[in-house]
Each structure stands twice: as structure tokens, then as C-alpha cells.
*Asks:* 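One structure is given below, represented as C-alpha cells, and several questions about it will come after.
For the single chain, residues carry numbers from 1 onward in sequence order. In this text the structure is predicted, and so the values were computed from the model without any measurement.
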Amino acid sequence: MNKTNHSEKVLVAMSGGVDSSVTATLLKRAGFDVAGAFMKLWRPGDNFKQDKNEEKAKEIADSLDIPFYSFNFGEEFKAEVVDYFLKEYRQGRTPNPCVVCNNEIKFGLFLKQASDLNVDFIATGHYARLKRNNKVNIYRPKDKSKDQTYFLWQLDQNKLDKVLFPLGNFEREEVERMADSLNLPDRAQESHEVCFIPNEIKDFLNKHLDEKPGKIISEDGEELGEHEGAYLFTLGQRKGLGLSNGPWYVLEKNVKENKIVVTKERENLKKKELIADEINWISGKPDLPMKVITKIRYNSSGVKAELKEQDNKLKVTFNESQWAIAPGQSVVFYSGDQLLGGGVIQ
């Protein structure tokens with residue numbers, strides 16, 4: 001980042017890891033008045049107590065000679081993210097907790113706390129770029145392999161106006177080299193895929209949702225076996241079915257009737273369109289219909305599609321059929337590298 005001639009205050013969300021540590025360093029070098037803060041989130045059985053990552057984050061803040069705060073968002077995180085996660089699974093959908101956490105916690109509660117401290121910006125270690133003209137727009141980062149824009153589609157202009165993403169113009173390898181050169185204290189390990197689940201999602205769901213054994217049937221209605229609960233499965237899932245003569249794939253799940261329908265034909269899971277609801281446009285609603293690049297899961301490659309309005313929702317028609325489109329997941333829209341917005345798959 002270029003050196004600034006101001007002393008604008010920025011509060012960095014510090015996890016104790018590489019990305020947030022380098023974020024704080026870059027901002028301090030650029031002339032910002034930097035402070036760090038750790039967010040205590042809910043984890044099973046910890047009662048929101050201080051953990052080793054918080055200690056590491058404080059050590060790093062001390063080594064950078066910046067103030068350090070600790071925010072306890074445990075109860076809010078449980079209500080907004082964990083309960084949402086369980087509710088979606090209970091209803092037979094596949095949730096996207098990182099999207100909700102970003103909007104409600106990292107760029108919601110954290111931003112409010114920062115405002116109470118009279119800071120000008122908050123900053124995180126997300127790999128994304130922001131461009132400010134009349135509005136603030138989100139773009140994919142320089143390092144496309146670390147692109148995290150998929151998880152940011154619910155943000156709006158009021159939030160983005162107060163956000164900085166310093167890592168967007170760096171390759172991850174550059175960030176790691178910077179971290180090594182800083183001789184910072186030992187940093188925290190990378191987080192789990194779902195941060196509040198220490199082991200398997202199945203174990204977590206079994207603990208928090210009532211187990212409901214049911215039937216696994218073929219497309220023809222033949223009973224093939226039993227499952228522990230329809231909510232445990234997602235469309236396209238192959239592992240964990242316990243069926244012989246496979247591979248079998250989850251084609252449908254009916255939580256009300258507590259049954260799973262499976263198929264041997266992977267092609268049967270392909271669809272060329274979906275309906276999305278809860279739409280958010282980051283810089284205002286564009287003229288529709290329009291051609292876009294879409295992603296239906298974080299690690300998927302973008303595919304061309306057309307968006308049309310349909311009954312106050314969006315109909316997304318892909319140029320090529322997509323596999324295992326899961327209700328509850330996010331569908332995200334791009335124009336080139338610009339993130340336009342997204343919605344929830346119905």
C-alpha cells in the first residue's frame with residue numbers, strides 16, 4: 001500500500017493468523033492509526049472463554065505496538081450463525097454460514113463496535129479488492145486461487161464505505177513472505193472449513209438435531225437401506241450412504257417424509273436453471289435480463305448465465321448444465337472481475 005499523509009483510524013480484525021497480521025502491518029506502514037481486535041465467537045462447550053488464538057493475536061498486536069481490543073460476540077454468533085446453520089439443515093437445505101457471518105458479525109457487529117470507538121475504517125484479511133468511485137465496488141483479488149468475494153455478496157454500500165481489504169493486490173505467497181520477514185510471534189493455525197465445528201459436520205448435526213432414521217430408496221422406489229436423518233445429506237453426496245453396488249449419489253432428500261432418493265446416474269443431478277431469492281445488489285439493481293458469470297459454490301469455476309426476473313425472484317439460466325445445485329447455498333453474480341451481488345438458491 002502507498003504511504004498516506006493522514007492518520008485515519010482503522011480497526012483490524014485480528015485472528016492471530018498470517019493474513020490479519022500482515023493486514024495490520026501493511027496499514028501501519030501506510031500511515032494509518034491502527035488498532036487490532038479479536039472476535040470471540042461461539043464454539044461447542046467453551047462458554048466464549050479466551051483461547052490461544054486470542055493470546056496470539058494480542059502478542060502480534062503488542063509486537064506491532066498497536067492497541068488491542070477483545071470483543072465477545074459469542075451469544076450473537078450463536079444466534080445469527082450457528083442457529084441459522086442448524087435451522088437450514090433441519091429444513092433440508094444446505095446453509096452457507098460464512099456468508100451470514102460476514103454480513104452479520106464481521107461487517108455487522110464488528111463494524112458497530114468500531115464505530116463506537118470512533119474509527120474511520122475496519123479492515124480484514126479477506127482476499128478481495130475494493131474500488132471507490134461514486135460507489136464502492138468489490139472485485140476479485142490478484143490471487144484468484146484465494147478469491148473470497150463469493151462470501152461477500154450480502155454486503156451493502158453503507159458497510160463497504162467503511163471497509164479496507166489490503167491483501168487484495170497481493171499473491172498469497174507474497175503475504176507469507178512478508179509474514180516471515182516481520183519476525184512476528186507464532187501465529188494461529190488456519191481455521192476449519194466451518195469455524196465452529198472442530199471435527200465432522202455429521203457429528204455436530206447428530207449432537208444438535210434429533211436423529212431420525214429413515215429409508216434410502218432408488219429412483220424406481222426400491223428400498224436400498226436406511227439413513228440416520230435426511231438432514232445429514234446434501235445433493236450429489238456420494239460418501240456415507242452405506243450402500244453396496246455403487247457409486248450412488250443423493251438425487252433428492254425429503255425432510256418431511258425423512259427419505260433419501262439416490263441414483264447411480266451422475267448426469268441426473270445436472271440442471272440448467274435455478275431460482276434465487278433474497279437478492280442483494282452491491283451497487284444497485286442492474287437492468288435485467290443480463291448476461292453474467294455465476295458461481296454456485298465457493299470452489300467452483302465461474303460459468304456464463306442469464307438472469308431474468310420471475311415473480312420477484314431471479315431465474316438463473318446457465319449456458320451449460322450445472323451439477324448438484326443445492327438449495328440454501330449462494331449463487332453469486334460477476335461482470336468480469338466485479339462482484340455484482342448474489343442470492344440464495346431456492
*Asks:* Considering all heavy atoms of both residues, which atom of Arg140 and which atom of Thr149 are nearest to each other, and what is their separation?
*Replies:* CA-CG2, 3.8 Å
*Asks:* Which heavy atom in Ser330 sits nearest to a heavy atom in Val99, and how many Å separate them?
*Replies:* OG-CG2, 3.7 Å
*Asks:* Between Asp220 (side chain) and Glu222 (backbone), is there a donor-acceptor pair under 3.5 Å?
*Replies:* no
*Asks:* How about Arg90 and His208: do any of their side-chain heavy atoms sit closer than 4.5 Å?
*Replies:* no
*Asks:* Taking only Lys NZ, Arg NE, NH1 and NH2, and the carboxylate oxygens of Asp or Glu, determine whether Glu174 and Lys142 approach each other closer than 4.0 Å.
*Replies:* yes
*Asks:* Kindly say whether Val331 contributes a backbone atom to a donor-acceptor pair with the side chain of Gln329 at under 3.5 angstrom?
*Replies:* no
*Asks:* Taking the side chain as everything from C-beta on, heavy atoms only, tell me whether Asp180 gets closer than 4.5 Å to Leu182.
*Replies:* no
*Asks:* Could you tell me whether Glu200 and Lys202 make a salt bridge, using a distance below 4.0 angstrom between a side-chain N and a carboxylate O?
*Replies:* no
*Asks:* Under a 3.5 Å distance rule, please check whether Glu273 uses its side chain to pair with a backbone N or O of Val316 as donor and acceptor.
*Replies:* no
*Asks:* Would a distance-only check, ignoring hydrogens and angles, find a side-chain to backbone donor-acceptor pair under 3.5 Å from Asn53 to Ser15?
*Replies:* no
*Asks:* Start with the C-alpha gap between Leu209 and Tyr89, add the side-chain angles, then the distance that decides, and say whether side chain to side chain contact (heavy atoms under 4.5 Å, CB included) holds.
*Replies:* CA-CA 9 Å; Leu209 300 179; Tyr89 267 105; 4.2 Å; yes
*Asks:* Measure across Ala326 and Thr94 and return the closest heavy-atom pair with its distance rounded to 0.1 Å.
*Replies:* CB-OG1, 4.0 Å
*Asks:* Using a 3.5 Å distance criterion without hydrogens, assess whether the side chain of Gln157 forms a donor-acceptor pair with backbone atoms of Val136.
*Replies:* yes
*Asks:* Mark yes or no for whether Asp277, through its side chain, and Lys313, through its backbone, hold a donor-acceptor pair below 3.5 Å.
*Replies:* no
*Asks:* Should the pair Asp337-Lys144 be classified as a salt bridge under the 4.0 Å nitrogen-to-oxygen rule?
*Replies:* yes
*Asks:* Using side-chain heavy atoms (C-beta onward) and a distance below 4.5 Å, is Val303 in contact with Asn319?
*Replies:* no
*Asks:* Report yes if the distance between the aromatic ring centroids of Phe165 and Tyr127 is under 6.0 Å, otherwise no.
*Replies:* no
*Asks:* Under the side-chain hydrogen bond (donor to acceptor under 3.5 Å, both in side chains) definition, can you give me all pairs with a residue in residues 291-309, not counting sequence neighbours?
*Replies:* Lys285-Glu309
*Asks:* Centre-to-centre under 6.0 Å for Trp281 and Phe333, is that the case here?
*Replies:* yes
*Asks:* What heavy-atom pair brings Leu26 and Met178 nearest, and what distance separates the two atoms?
*Replies:* CD2-SD, 3.9 Å
*Asks:* Is there a donor-acceptor pair under 3.5 Å between the side chain of Asn258 and the backbone N or O of Ala230?
*Replies:* yes
*Asks:* I need the single residue from Gln148, His126, Lys159, Gln154 that forms a side-chain hydrogen bond (donor to acceptor under 3.5 Å, both in side chains) with Asn102. Which is it?
*Replies:* His126
*Asks:* Taking all heavy atoms of Thr23 and all of Gly125, pick out the closest pair and write down the distance.
*Replies:* OG1-CA, 3.5 Å
*Asks:* Between Asn280 and Trp153 (side chain of the first, backbone of the second, donor and acceptor by atom type, cut-off under 3.5 Å), is there such a pair?
*Replies:* yes
*Asks:* Cation-pi between Lys270 and Trp323: NZ/CZ under 6.0 Å from ring centre and within 45° of the ring axis?
*Replies:* no
*Asks:* Salt bridge check: are Glu54 and Lys58 linked by an N-O gap of less than 4.0 Å?
*Replies:* no
*Asks:* May I have all residue pairs that pass side-chain hydrogen bond (donor to acceptor under 3.5 Å, both in side chains) and include part of residues 245-256, sequence neighbours excluded?
*Replies:* none
*Asks:* Name all residues meeting the side-chain hydrogen bond (donor to acceptor under 3.5 Å, both in side chains) criterion together with Glu223; count only those two or more places apart in sequence or in a different chain, and write none if there are none.
*Replies:* Lys215
*Asks:* Do the charged groups of Asp19 and Arg172 touch, with an N to O distance under 4.0 Å?
*Replies:* yes
*Asks:* Which side-chain N or O atoms in residues 106-122 pair as donor and acceptor under 3.5 Å with protein atoms at least two apart or in another chain?
*Replies:*
residue: Ser115; atom: OG; partner: Leu111; partner atom: O; Å: 3.1
residue: Asp120; atom: OD2; partner: Lys9; partner atom: N; Å: 2.7

*Asks:* Hydrophobic side-chain clustering at under 4.5 Å (ILVMFWY, transitive links): who's grouped with Phe38? Put none if nobody.
*Replies:* Phe68
*Asks:* Is the charged tip of Lys272 near the ring of Phe318: under 6.0 Å from the six-membered ring centre and within 45° of its axis?
*Replies:* no
*Asks:* Could you pull out all residues at least two apart from Lys131 that satisfy side-chain hydrogen bond (donor to acceptor under 3.5 Å, both in side chains)?
*Replies:* none
*Asks:* Are the side chain of Gln237 and the backbone of Thr234 linked by a donor-acceptor contact shorter than 3.5 Å?
*Replies:* yes
*Asks:* With Phe77 as reference, evaluate Phe85, Trp42, Phe196 under the ring-ring contact (aromatic ring centres under 6.0 Å, His included) test and give the passing residue.
*Replies:* Phe196
*Asks:* Side chain of His227, backbone of Gly229: donor and acceptor closer than 3.5 Å?
*Replies:* yes
*Asks:* Where is the tightest heavy-atom contact between Thr124 and Ala13, given as atom of each residue plus distance?
*Replies:* CG2-CB, 4.2 Å
*Asks:* Taking atom NZ of Lys212 as the centre, report whether more than 12 heavy atoms of other residues, nucleotides or ligands fall under 6.0 Å from it.
*Replies:* no
*Asks:* Any side-chain heavy-atom pair from Val34 and Val12 closer than 4.5 angstrom?
*Replies:* yes
*Asks:* Determine whether Ile325 and Ile279 fall in the same hydrophobic cluster, where Ile, Leu, Val, Met, Phe, Trp and Tyr are linked whenever their side-chain heavy atoms lie under 4.5 Å apart.
*Replies:* yes
*Asks:* Decide side chain to side chain donor-acceptor pair (under 3.5 Å) for Asn268 and Thr263; before the verdict, give the C-alpha distance in whole Å, the side-chain angles of both, and the deciding distance to 0.1 Å.
*Replies:* CA-CA 8 Å; Asn268 290 348; Thr263 181; 3.1 Å; yes
